[in-house]
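Just so we're on the same page: letters track the sequence lines, and every chain starts at 1. These numbers were taken from a predicted model, which means no experiment stands behind them.
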Number of protein chains: 2
Amino acid sequence: MSEIILRQTLPSEAQEPKTLVEGAYQRLRRDIIEGTHAPGDKLRVEHLKEHYDVGAGTLREALLMLVTDALVVAQGQRGFRVAPISLADFEDITRTRVLLETEALRQSIAAGGEEWEAAIVAAFHRLSRAEQRLADHEQGISEEWEMRNRAFHEALISASASRWIRHFQHILYQQSERYRRISLFRQPIARDIHAEHQALFEASLARDATRATSILTEHLLRTLDAVRRMPADFFNGKGTGKP
Amino acid sequence: MSEIILRQTLPSEAQEPKTLVEGAYQRLRRDIIEGTHAPGDKLRVEHLKEHYDVGAGTLREALLMLVTDALVVAQGQRGFRVAPISLADFEDITRTRVLLETEALRQSIAAGGEEWEAAIVAAFHRLSRAEQRLADHEQGISEEWEMRNRAFHEALISASASRWIRHFQHILYQQSERYRRISLFRQPIARDIHAEHQALFEASLARDATRATSILTEHLLRTLDAVRRMPADFFNGKGTGKP
DNA sequence: TTGCTAAAAAATCTCGAGAAATGATCTTGA
DNA sequence: TCAAGATCATTTCTCGAGATTTTTTAGCAA
């Protein structure tokens, strides 16, 4: 029953859009996360409606749905904007993720059954394959990797009984995706992400909660460090909304 | 700057509605929290538009805003419903609140300055007056008490640097308000809430993080216990949507 | 009575046009 | 030259009506 809440509150991207609003919502969300619409940008309904080929009211509803994900901010009588970004915001996101995700992982390790084990084995396998392909081809982050990385992280905490933590984790993951894409694109880091994932996977499967949560924490903080090392002017003009 | 995010993402009820959508949103939210629209109820746009005296599209947008608060769930081509309730959900809400709110309180106690102290002193004073009035008149929970209780809890964590934790706390507080109103209305409990608040207030002002968080945790868990003691059939027919 | 099919009713979703508000441009005066 | 005010264009907000989809009702046969 309550399962429905999260399904509806957070339509995952794999879901087929049942309505025009949902379709516009999904495409808009992707364009925001990928940076097509830059942080702080104004989202004018009149302009966007033709690009996404829907009516004005429909587009407004899609924008409202993105407010739920905190990817768009609405201001009274002054329309919509892409949510701004800042280093302070990403630090906050990461710390809050550590708090929520380690707790959820602890719960998963304590409560997870065979289905949970099978799920993380499968998700890790799929992620490993994608990471191997990336290593072979020396390319940047791919759409495929992003989806499988998300699936792996969500599988790890899927046995947690707390739907609310999973709900908030989902929102925060989307947020960090914006930062990660931008930072990894600009400054590919020398970092063995696969090894981190492997260690996290093994500790979780071994039911070693202490080790697993500590690995997860470091895993998240390393991405924060990467963003910290971005050029100082990186966030200038991105978050204020003032060009 | 980012302050704007939360202001816009979570228009507090004290804010004047700048638009018809916001007005409908605020009234709808109050009616859901107060139980006028019961959990699981279908929210038919055609019926509600005349009651709230707005157009269909406007009401749809207000409903979408309530999805952000997780007070309403939207299902593809099948309209809107009031989010269901259940004991398991309230347990989840409470545990997640403990996790987030104790962390935020720790941060506040560590980082709060004079303005923070002044804010909680003022909020506690206002709350105490309301509680005294309630004790004198032997009445149930009043609108005034609800607002001041919320203000007190938000003031306690207002010095936390984490906007995200405060954002999630705000959502969860609204959720628990639904449960608290229903349970307190049906079964007024013999419990000295004022004493709990006073102890919480004093420990916070004394910067005793350990004691303050422990009091806060018990404070929240006591309300959970009260809901647990509700009649067994209390949640029947409320959350499933099937009468 | 039960179960299936089909029509009818209701509700949701979608769009385009009009009203209100915001922001930009230009003029005027010190 | 700068500041303040007025006019105009853009944008947001709002509504009502039409097109789809879902749900209910009615009919018929087993």
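- At whole-Å resolution of the value, OH in A/Tyr52 and P in C/dC15 are 15 Å apart.
- Here the side chain of B/Tyr179 pairs a donor or acceptor atom with the backbone of B/Ser86 at under 3.5 angstrom.
- Rounded to an integer number of Å, the gap from A/Lys18 NZ to C/dT14 P is 13 Å.
- Residue B/Leu43 is classed as a sugar-phosphate contact, given heavy-atom separations below 4.0 Å to backbone atoms only.
- Comment: B/Glu101 engages B/Arg97 in a salt bridge, judged by a side-chain N to carboxylate O separation of less than 4.0 angstrom.
- Comparing B/Lys42 and A/Glu46 against DNA chain C, the residue whose closest nucleotide sits nearer the 5' end is B/Lys42.
- If you take NZ of B/Lys49 and P of C/dA11, they are 11 Å apart, rounded to a whole angstrom.
- The closest donor-acceptor contact from the side chain of A/Ser108 to the backbone of A/Leu105 lies at 3.5 Å or more, if one exists at all.
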Worked verdict on A/Arg228 versus A/Phe90 for side chain to side chain contact (heavy atoms under 4.5 Å, CB included): CA-CA 9 Å; A/Arg228 277 213 189 94; A/Phe90 189 57; over 6 Å; no
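- Here the options are B/Arg178, B/Glu146, B/Arg181, the test is side chain to side chain contact (heavy atoms under 4.5 Å, CB included), and the partner is B/Glu34; only B/Arg181 passes.
- As a whole-Å value, the separation of B/Arg78 CZ from C/dC13 P is 11 Å.
- Taking atom CD of residue B/Gln77 and atom C1' of nucleotide C/dC13, one finds them 6 Å apart after rounding to whole Å.
- Atom C1' of nucleotide C/dC13 and atom CG of A/Leu59 are separated by 15 Å, given to the nearest angstrom.
- A/Arg44 has a side-chain polar atom (N or O) that falls below the 4.0 Å cut-off from OP1 or OP2 of D/dT11.
- Between the P atom of D/dT14 and the CZ atom of A/Arg60 lies a distance of 7 Å, rounded to the nearest Å.
- Residue A/Leu63 is out of contact with every strand shown, counting any heavy-atom pair closer than 4.0 Å.
- Between B/Thr58 and the phosphate of D/dC13, there is no side-chain N or O to OP1/OP2 separation shorter than 4.0 Å.
- When the P atom of D/dC13 is taken as reference, atom CE of B/Met65 falls 10 Å away, rounded to whole Å.
- When the side-chain nitrogen and oxygen atoms of B/His47 are compared with OP1 and OP2 of C/dA10, none of them lie within a distance under 4.0 Å.
- Here B/Gly57 lies out of heavy-atom contact (under 4.0 Å) with every strand.
- For C/dT12, neither phosphate oxygen OP1 nor OP2 lies less than 4.0 angstrom from any side-chain nitrogen or oxygen of A/Thr19.
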